[in-house]
Amino acid sequence: MFESIQHLLSGFTIATTAQNLLYCLVGAIVGTIIGVLPGIGPIAGIALLIPATFGVNATSAIIMLAGIYYGAMYGGSTTSILLNVPGETASVITCIDGYQMAQKGRAGPALAICAIGSFIAGSLGILGLVFLAPPLAEAALAFGPPEYFSLMVFGFIVLSNVTGGSLLKSLMMAVVGLIIGTIGLDPVTGDARFTFGSVSLLGGIEFVAVAIGLFGIGEVLINVHQPQELLDQKVLVPRLRELYPSLQDLRRSIGAILRGTGIGFGVGLVPGPAPVIATYASYMTERRISKHPEMFGKGAIEGVAGPESANNSACQAAFIPLFVLGIPFAPPTAILLGALLIHGVTPGPMLIGQHPELFWGVIASMYIGNFILLVLNLPFVPLFANILRIPKRMLLPLIILFCITGMFTVNNSVFDIWMMLVFGALGFLMRKWAYEGAPLLLALVLGPKLEVAFRQSLMISHGDFGIFFGRPVSLAFLAGTIVFLLFPLVRLAFQKRKKGGE
Amino acid sequence: MNRDEALGGVVLFFFGVVTVLLSLRMPIGTFRAAGTGLFPLCLGILLMVLSAAFLWGLRSKAKKDKGSREARPEEAGSTGQMIFFLGAMVLATAFFNTLGYPLTSFLLLLALLRILRVRSWKVTLALSFLTAVASYFLFVQWLQIPLPKGFLGL
């Protein structure tokens with residue numbers, strides 16, 4: 001424990017260098033803007049800015065990109081409260097009571113409690129990361145290919161189960177992502193697969209093109225396809241009369257903040273879109289235990305404090321599987337994994353030992369980043385909200401230009417722009433047909449790892465599938481997978497029985 | 001049956017079929033010593049099974065709901081505008097190297113703003129020009145990103 005504190009202190013010396021502070025600040029500001037803009041989320045935002053980090057070392061790069069991730073969580077809540085427009089999915093729940101508070105002239109306290117709650121949750125989340133990551137990394141050293149394979153399968157099934165849509169549709173998307181991930185050179189034999197003679201495809205499909213295409217271009221096309229009157233919708237930003245919460249507000253919120261932090265951290269450790277689930281879970285908990293549940297939906301401050309704390313804490317916790325196992329459980333951390341690989345850092349159990357400056361520097365910077373966001377968000381909220389006054393008709397072409405420029409700079413390749421456009425069109429169709437993009441992106445990033453783990457396991461066992469069931473950790477993950485697969489069926493049967501009984 | 005969802009299911013089923021057919025052209029090997037095509041072959045088959053199960057589920061649901069369903073209202077989206085928008089991006093990509101970054105970005109913005117019916121020509125021209133100039137100075141001059149120079153040599 002003392003060792004962790006010592007390492008964290010050394011992390012602070014890395015994070016507080018002028019360069020890293022600047023990158024942290026840039027990440028926090030860009031993240032907040034991305035969170036405010038409805039057309040672009042943290043996934044496309046991080047992907048777009050990866051090329052901007054090519055000239056710096058891996059630690060500074062990840063400090064900035066991580067800043068975008070948690071900055072977007074902050075920014076998303078601003079538009080939810082002021083305009084009832086969630087900047088990203090994790091802020092949907094904040095709309096319910098946050099917007100009601102704004103309607104009653106209490107936008108200031110709602111925004112302030114978001115910032116304070118997020119700061120407390122982020123800080124406690126980081127403490128969890130500091131104390132939990134090193135022992136978990138040590139335990140993960142015992143993982144072999146079968147354990148990794150089962151863990152990734154477990155991750156896909158859980159993610160597919162919780163993304164909100166149909167399990168089958170999410171699973172199909174994950175399999176499509178895995179198939180796309182096989183394009184390029186075979187990771188074991190080095191033979192070309194599905195390249196059709198194209199040299200550009202030998203390196204595989206660029207995941208940044210898929211991320212910007214599905215989540216950036218696809219989102220813009222959905223906006224362009226909207227009826228004309230929606231493109232003209234005027235955004236009215238309310239005036240902030242009072243900015244700071246009263247003592248009573250703080251007293252009512254503190255419990256919700258602490259409970260939200262706990263829920264968020266727990267949810268962040270398991271696969272899935274952690275911030276989204278954490279906000280729902282926190283809101284439900286607050287409503288259930290409240291002495292005045294009837295106030296929820298009418299501007300209860302606990303309904304803002306809890307979910308906002310939960311989503312920030314979940315963000316911090318989501319870094320544990322990424323850093324410790326090298327397996328991202330959600331699309332934004334999948335993009336961060338890609339960024340780490342681009343910078344020549346392979347996350348996994350050895351990361352803390354091999355790159356202590358990166359691990360502890362990034363953790364310390366998150367703490368500083370949370371403080372920057374707290375300072376930044378309160379006085380500059382009206383400024384960020386004013387970004388929304390830019391008409392969509394003008395904003396969407398600018399986003400497209402930024403996407404094309406950003407995509408080209410990854411590999412200086414026009415081929416990547418073509419890929420991005422193809423996946424943009426696909427993203428549009430997927431949204432129209434109600435198919436989720438998150439499982440596809442995650443599967444694309446994890447695909448090669450999954451294949452290598454699968455093939456190595458079978459090589460070790462001489463083709464015997466029993467290897468996945470014969471090792472306790474692998475068996476536990478597979479048992480969990482089966483439970484999650486059967487869960488919807490059991491629930492359906494239970495509902496049918498209940499209906500029959502009635 | 002939701003037509004959009006069903007169409008997606010059919011497309012995915014055929015994607016699975018194509019994956020299987022292409023995988024069979026590669027060495028398959030055995031589970032003990034897997035060939036290049038084994039993993040995608042398994043994935044193709046899995047996708048076919050999943051999409052077939054999905055389509056079957058939709059069919060059963062449609063049978064159950066028959067008669068009780070109301071017609072789904074058509075969305076009043078602007079498909080033509082969306083296709084033109086995508087088309088402008090395709091053209092910009094096709095001529096990116098020839099025209100160079102500053103000219104492509106100017107023309108692309110001009111086209112996109114007109115497609116989105118920004119009424120005033122003055123606003124459209126000014127916004128396209130200023131953004132193209134600003135992004136040129138930001139990316140090419142300041143960040144030194146080697147973007148295509150095109151025939152203008154900028």
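Values reported hereafter were calculated over all heavy atoms of this structure, with side chains retained and with hydrogens, waters and symmetry mates removed. A, B, ... follow the sequence lines: proteins, then strands. Residue 1 opens every chain.
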Quick check on [X] against chain B: is it the side chain, the backbone, both or neither that has a heavy atom closer than 4.5 Å?
X	value
A/L398	both
A/F415	neither
A/M430	neither
A/R455	side chain
A/I404	side chain

Who wins among [options] for the most heavy-atom pairs under 4.5 Å with chain B?
options	answer
A/F454, A/W433, A/F465	A/W433
A/V176, A/T189, A/D464	A/V176
A/L458, A/T182, A/I179	A/I179
A/I222, A/V414, A/V188	A/V414

By a 4.5 Å heavy-atom criterion (distance strictly below it), what part of [X] contacts chain A: side chain, backbone, both, or neither?
X	value
B/L22	both
B/S51	both
B/L147	both

Could you tell me whether A/F54 atom CZ has more than 12 heavy atoms of other residues or ligands within 6.0 Å of it? yes
Looking only at the aromatic ring of each residue, does the gap between the centers of A/F149 and A/F468 stay below 6.0 angstrom? yes
Where do B/E5 and B/R59 land on the salt bridge (charged side-chain N to carboxylate O under 4.0 Å, His left out) test, with the steps shown first? CA-CA 11 Å; B/E5 279 192 312; B/R59 197 168 164 261; over 6 Å; no
